[in-house]
Amino acid sequence: QVQLVESGGGLVQAGGSLRLSCAASGRAFSTYAMAWFRQAPGKERAFAAAISWSGSNTYYADSVKGRFTISRDNAKNTVYLQMNSLKPEDTAVYYCAAGSGVSRAEGNYHYWGQGTQVTVSA
């Protein structure tokens, strides 16, 4: 069992930056692939970024590639999402997820955090 708690969301102007953190408790964090998904108002939850258990492989949605960076610190049981050059369309609730293998598919992830709100003003 893994418990995930996101933090770092907030209100930022377009062009600004935020760093989200996801702290994991429970066993064997370093064996899980981790991902960030996001759900904009009125839309379905969508993949944003993922990282393999070792951190050696990362994947991004086209909409965030070049602006967002996912990373992890297995010693701290934490995964991060650095978000730069934010746009109003990045406004969403951001969810951290843990799964057995790195994937863009939501169904691959078994554990989810409660989400953190990111709002980007124009």
Side-chain angles (χ1 to χ4, degrees):
Q1 193 81 349
V2 177
Q3 292 81 44
L4 303 172
V5 179
E6 302 97 334
S7 61
L11 173 64
V12 64
Q13 290 187 331
S17 298
L18 281 175
R19 188 176 81 155
L20 305 184
S21 298
C22 174
S25 59
R27 303 177 67 177
F29 169 80
S30 63
T31 67
Y32 287 98
M34 300 296 296
W36 289 94
F37 287 77
R38 63 184 185 176
Q39 187 167 20
K43 296 187 177 181
E44 294 186 352
R45 191 157 56 186
F47 171 78
I51 189 167
S52 60
W53 66 270
S54 66
S56 59
N57 295 302
T58 57
Y59 304 88
Y60 297 95
D62 289 343
S63 58
V64 308
K65 196 173 297 182
R67 300 187 298 121
F68 290 11
T69 302
I70 188 170
S71 61
R72 66 190 297 161
D73 186 338
N74 286 343
K76 295 183 178 180
N77 282 11
T78 302
V79 63
Y80 305 98
L81 187 67
Q82 178 67 44
M83 305 186 295
N84 299 329
S85 303
L86 283 161
K87 305 175 181 179
E89 51 263 44
D90 294 318
T91 295
V93 177
Y94 283 72
Y95 296 90
C96 173
S100 56
V102 66
S103 171
R104 299 170 184 265
E106 187 172 329
N108 182 71
Y109 297 92
H110 315 300
Y111 304 105
W112 293 82
Q114 82 289 348
T116 185
Q117 176 70 46
V118 171
T119 303
V120 185
S121 62

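Considering only residues two or more places apart in sequence or on other chains, T31 meets the side-chain contact (heavy atoms from CB on, under 4.5 Å) condition with A28. For T58, there are no side chain to side chain donor-acceptor pair (under 3.5 Å) partners at least two apart in sequence or on another chain. Taking S7 as the reference, nothing meets the side chain to side chain donor-acceptor pair (under 3.5 Å) condition, with sequence neighbours excluded. The side chain to side chain donor-acceptor pair (under 3.5 Å) test applied to N74 returns R72, not counting sequence neighbours. Partners of S71 under the side-chain contact (heavy atoms from CB on, under 4.5 Å) rule, at least two apart in sequence or in another chain, are Y80.
Applying the disulfide (SG to SG under 2.5 Å) definition to pairs two or more places apart or across chains, those involving residues 68-122 are C22-C96. Among residues at least two apart or in separate chains, side-chain hydrogen bond (donor to acceptor under 3.5 Å, both in side chains) pairs with a member in residues 88-100 are R38-D90, R38-Y94, R67-D90. Pairs of residues two or more places apart, or lying in two chains, never qualify as ring pair (Phe, Tyr, Trp, His ring centres under 6.0 Å) while including a residue from residues 49-72. Within the structure, salt bridge (Lys or Arg N to Asp or Glu O under 4.0 Å) contacts touching residues 9-22 (residues at least two apart or in different chains) do not occur. Residues in residues 96-122 take part in these ring pair (Phe, Tyr, Trp, His ring centres under 6.0 Å) pairs, two or more places apart or across chains: Y32-Y111, F37-Y109, F37-W112.
No option in L81, T69, I70 other than I70 meets the side-chain contact (heavy atoms from CB on, under 4.5 Å) test with I51.
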Show which side-chain atoms of residues 41-50 pair as donor or acceptor with protein atoms under 3.5 Å away, not counting sequence neighbours.
residue, atom, partner, partner atom, Å
R45, NE, E106, OE2, 3.2
R45, NH2, E106, OE2, 2.8

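Summarising the geometry of A122 relative to A14, their closest heavy-atom pair is CA-CB, 4.4 Å, with the distance given to 0.1 Å. Closest non-hydrogen pair, V118 versus G9, comes out as CG2-CA, 4.1 Å. The two residues L4 and A24 come nearest to each other via the heavy atoms CD2-CB, 3.6 Å.
Residue T78 holds its OG1 atom at 9.0 Å from CE of M34, rounded to the nearest 0.5 Å.
The hydrophobic clustering, which links ILVMFWY residues whose side-chain heavy atoms are closer than 4.5 Å, places V93 and V12 apart. Cluster membership check: V102 does not share its hydrophobic cluster with V79, using side-chain heavy-atom separations under 4.5 Å among Ile, Leu, Val, Met, Phe, Trp and Tyr.
Side-chain contact between E6 and L20 is absent, with no heavy atoms from C-beta onward closer than 4.5 Å.
In this structure a side-chain-to-backbone donor-acceptor pair under 3.5 Å is missing from S56 to S54.
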